[in-house]
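Everything on this sheet refers to the single structure shown next.
Throughout, a chain's letter reflects where its sequence line sits, starting with A, and its residues are numbered from 1. Because only heavy atoms are used, hydrogens play no part in the values below, and waters and symmetry mates are left out as well, while side chains stay in.
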Amino acid sequence: MIKTQSLNENHRFRALYGRGKNKTGKAMSVYVMRNRLGKVDRLGLTVSKKIGNAVTRNHVRRRIREAYRMLEPQIKDGYDIVIVARHASETMLFTALTDEMKSLMTALGVIKEEKGDA
RNA sequence: AGAGUUUGCUGCGCAGCCGCGCGCCUUCGGGCGUGAGGAAAGUCCGGGCUUCACAGAGCAGGAUAGCUGAUAACGUCAGCCGAGGGCGACCUCAGGAAAAGUGCAACAGAAAUAAACCGCUGCCUUUUGGCAGUAAGGGUGGAAAGGCGAGGUAAGAGCUCACCGGUUGUUAUGGUAACAUAACUCCCCUGUAAACUCUAUCCGAAGCAACACCAGCUCGGGGGCUACGGCUUGCUCGGCCAAGCUCCGGAAAGGUGGCUUGAGGCGUGUGGCGACAUGCGUCCCAGAUAGAUGGCUGCAUAAACAGAACCCGGCUUAUAGGCUUACUCUCCCC
RNA sequence: GCGCUCGUGGCGGAAUGGCAGACGCGCCGGUUUCAGGAGCCGGUGGAGAUAUCCUUGAGGGUUCAAGUCCCUCCGAACGCA
């Protein structure tokens, strides 16, 4: 990923859960908050043990990261984003996963508005 | 043909585009190579490695339990012995000691480690019954004094004898041994040690968040107090001199190493029934640090259990499908 | 990584190796009331032929006998670094 670092500090996670804007879909919940790092985005992933065993959790984490990578060029700079996986993210089609992430991000206002888009 | 026992293996692969960790190269655009398991799991054992304030001794505690071997070691493995199950191939077994001692054995039953309720026999008594002898018979129970026959007796009893069974000891033969077989001899004794215990053998503790180093306004270092102090798994002896709090003096997180060449893999020869050992050749095969293997498309597309975190040897548990070794029983045909 | 504890009717929670489910809460039925509550009385794991059988997270073992002892799994909660 080009402009995104991983978010691994527990206090930032708690700040996002507490004060960030959030939206929830079938496959994930997304929390968003501005950071003070300028052009850098930071992504944190949470996959709890309720989702499944280690193999399942790895798989879910990779799918969500891949979907984020597809979406990354359209995301505004300077945000911390935390994505919490839910059960459906293991089984649903990858295209549906990508679409859901995009619609959640759009609702939260972190997707760039494309030129000439009505 | 049917039913069954058993051995070992595999458990996705290829191509295209985009993407990730590590290593090397780089004209800094990128390129090349490589990248999860048989259980990586559970953490049930054993070892390496590191540190400790570890000389060490005793007690306590823990583990193991047929024999011989294998191994770095083991609670693992191999072969054998014994016991149990199965017609059999074969499978299972914490498989030392109950004759060192203690405990426990509910209910039932007269009685549970010792015995007289009924019965049987003798004597006394008018009868009811009393005294004595007796473990053959009765019922209870998981277990009731070894089984059966004969002798014997008032009635009976290993009281005596024959046979059988178990058992203690000795001897002989075979075997390294566990043990097996035979002879003589002693005895006839409940079970339980996954109850305490005894016997034999083994065990210092903690764990890579160990530990070492670097950077840092805070390091290092020093003073005072706790003091019959702290540490050494628990306790005692012994040993060591450090630990906590506070003050000079004000606190939060980082980086690097450890980290992968090893009791290593593969092939092959030799020794051994085997576990395994060893010679030669050859190969280098993940090393992350919120944690790398994913997404899409095609090949008929369905495909289990499941993800390394210091490393090895085992055990246990999970596992769709496929392949495979050696055998057994029954039926039919020749 | 290391270690400790627990699992019993619907719920909480007892039970020396010896009749499993004490006790409390809840639930059901009855009584009382015009009606409800409280009180009082009785019942309450499952199957079944109404004899009995199966039940202490699951599966094995030891024992005459296991909720209890031993082993292996499963699940939950907790401690230390």
Side-chain angles (χ1 to χ4, degrees):
Chain A
M1 295 184 215
I2 304 150
K3 62 172 184 179
T4 306
Q5 300 177 348
S6 66
L7 177 67
N8 55 22
E9 292 146 326
N10 191 34
H11 71 272
R12 287 299 295 166
F13 272 86
R14 277 182 296 169
L16 276 144
Y17 291 144
R19 301 199 303 277
K21 290 192 287 183
N22 78 316
K23 272 280 182 183
T24 301
K26 281 183 186 169
M28 68 193 85
S29 298
V30 181
Y31 294 78
V32 167
M33 197 175 177
R34 286 200 75 88
N35 61 32
R36 299 200 183 87
L37 302 172
K39 294 224 166 195
V40 177
D41 287 335
R42 292 190 296 185
L43 175 67
L45 289 176
T46 299
V47 185
S48 83
K49 270 192 172 177
K50 282 187 282 185
I51 301 294
N53 60 26
V55 173
T56 310
R57 293 200 305 273
N58 268 335
H59 190 212
V60 166
R61 189 162 44 78
R62 285 163 185 159
R63 278 164 68 96
I64 291 176
R65 184 176 293 158
E66 179 69 14
Y68 177 86
R69 191 176 69 82
M70 298 296 188
L71 212 58
E72 191 186 12
Q74 304 175 44
I75 293 174
K76 293 181 183 172
D77 295 341
Y79 282 91
D80 282 353
I81 300 167
V82 165
I83 298 177
V84 179
R86 311 186 75 199
H87 279 98
S89 57
E90 186 197 354
T91 49
M92 77 194 298
L93 287 172
F94 185 75
T95 50
L97 193 73
T98 315
D99 290 347
E100 181 174 311
M101 184 181 287
K102 186 171 183 180
S103 68
L104 290 170
M105 296 274 197
T106 308
L108 291 165
V110 291
I111 300 290
K112 294 174 186 169
E113 291 178 21
E114 293 174 30
K115 284 184 181 175
D117 198 14

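A residue-by-residue look at A:T56 and A:H59 shows that A:H59 has its nearest nucleotide of RNA chain B further toward the 5' end. The residue among A:F94 and A:L45 whose nearest nucleotide of RNA chain B is located toward the 5' end is A:L45.
Comparing B:C241 with B:C213, their C1' atoms are spaced 26 Å from each other, to the whole Å. Across the P atoms, B:U236 and B:C247 are found 35 Å apart, a figure rounded to whole Å. Using P as the reference atom, B:G269 and B:C32 are 41 Å apart when rounded to the nearest Å. The gap from the C1' atom of B:C259 to that of B:G21 amounts to 15 Å, rounded to the nearest Å. Taking atom P on both B:A65 and B:A309, the two are 31 Å apart, rounded to the nearest angstrom. Taking atom C1' on both B:G58 and B:G239, the two are 15 Å apart, rounded to the nearest angstrom. Straight-line distance between the C1' atoms of B:A194 and B:C284: roughly 50 Å, to the nearest whole Å. B:A242 and B:C208 are spaced 28 Å apart, taking the P atom of each and rounding to whole Å.
Glycosidic conformation at B:G158 (O4'-C1'-N9-C4 for purines, O4'-C1'-N1-C2 for pyrimidines): syn, within 90° of 0. Taking 90° from 0 as the syn/anti boundary, the base of B:C285 is oriented syn. Here B:G4 is in the anti range [glycosidic angle more than 90° from 0]. Glycosidic conformation at B:G258 (O4'-C1'-N9-C4 for purines, O4'-C1'-N1-C2 for pyrimidines): anti, more than 90° from 0. Because its glycosidic torsion is within 90° of 0, B:U260 is reported here as syn.
Shown are A:I83, A:V84, A:T98, A:L43; of these, the side chain to side chain contact (heavy atoms under 4.5 Å, CB included) with A:I64 is made only by A:I83.
The partner of B:U268 is B:G279, by the rule that a Watson-Crick or G-U pair needs both atom distances under 3.5 Å. B:C20 and B:G35 make up a base pair, with Watson-Crick or G-U wobble contacts both under 3.5 Å. Nucleotide C:C23 has C:G12 as its partner under the Watson-Crick or G-U criteria, with both atom distances under 3.5 Å. Pair assignment for C:G59 gives C:C71, based on Watson-Crick or G-U wobble hydrogen-bonding distances that are each under 3.5 Å. Pairing partner, B:G137: B:C118, with both Watson-Crick or wobble hydrogen-bond distances short of 3.5 Å. In this structure, B:U201 and B:A63 make a Watson-Crick or G-U wobble pair, each of the two defining distances being under 3.5 angstrom. Both distances falling under 3.5 Å, in either a Watson-Crick or a G-U wobble arrangement, occur for no nucleotide opposite B:G152. In this structure, B:A78 forms a base pair with B:U68, meeting either the Watson-Crick or the G-U wobble geometry with both donor-acceptor distances under 3.5 Å.
Within 6.0 Å of NZ in A:K26 there are 12 or fewer heavy atoms belonging to other residues, nucleotides or ligands.
Between A:I64 atom CD1 and B:G294 atom C1' the separation is 13 Å, expressed in whole Å. In this structure, the CZ atom of A:R57 is 14 Å from the P atom of B:G291, given to the nearest Å. Between A:E72 atom CD and B:G294 atom P the separation is 21 Å, expressed in whole Å. Atom CE in A:M70 sits about 10 Å away from atom C1' in B:G294, given to the nearest Å. Computed from coordinates, the A:N58 CG to B:A36 P distance equals 14 Å when rounded to whole Å.
Side-chain atoms of A:E90 and A:R63, non-hydrogen and from C-beta on, never get closer than 4.5 Å to each other. Side-chain contact between A:L97 and A:E66 is absent, with no heavy atoms from C-beta onward closer than 4.5 Å. For the pair A:N22/A:S29, no side-chain contact is recorded, criterion being any heavy-atom separation below 4.5 Å from C-beta on. The shortest distance between side-chain heavy atoms of A:I75 and A:K112 does not fall below 4.5 Å. At a threshold of 4.5 Å between non-hydrogen side-chain atoms, the residues A:V30 and A:L108 count as touching.
Within 3.5 Å, a donor on the side chain of A:R62 pairs with an acceptor on the base of B:G307, or the reverse.
Distances were taken from every side-chain heavy atom of A:R65 (C-beta onward) to each of B:C296, B:G294, B:G291; the shortest belongs to B:G291.
Among the protein residues, A:R61 comes within range of the sugar-phosphate backbone only, with heavy atoms under 4.0 Å from sugar or phosphate atoms but none that close to a base.
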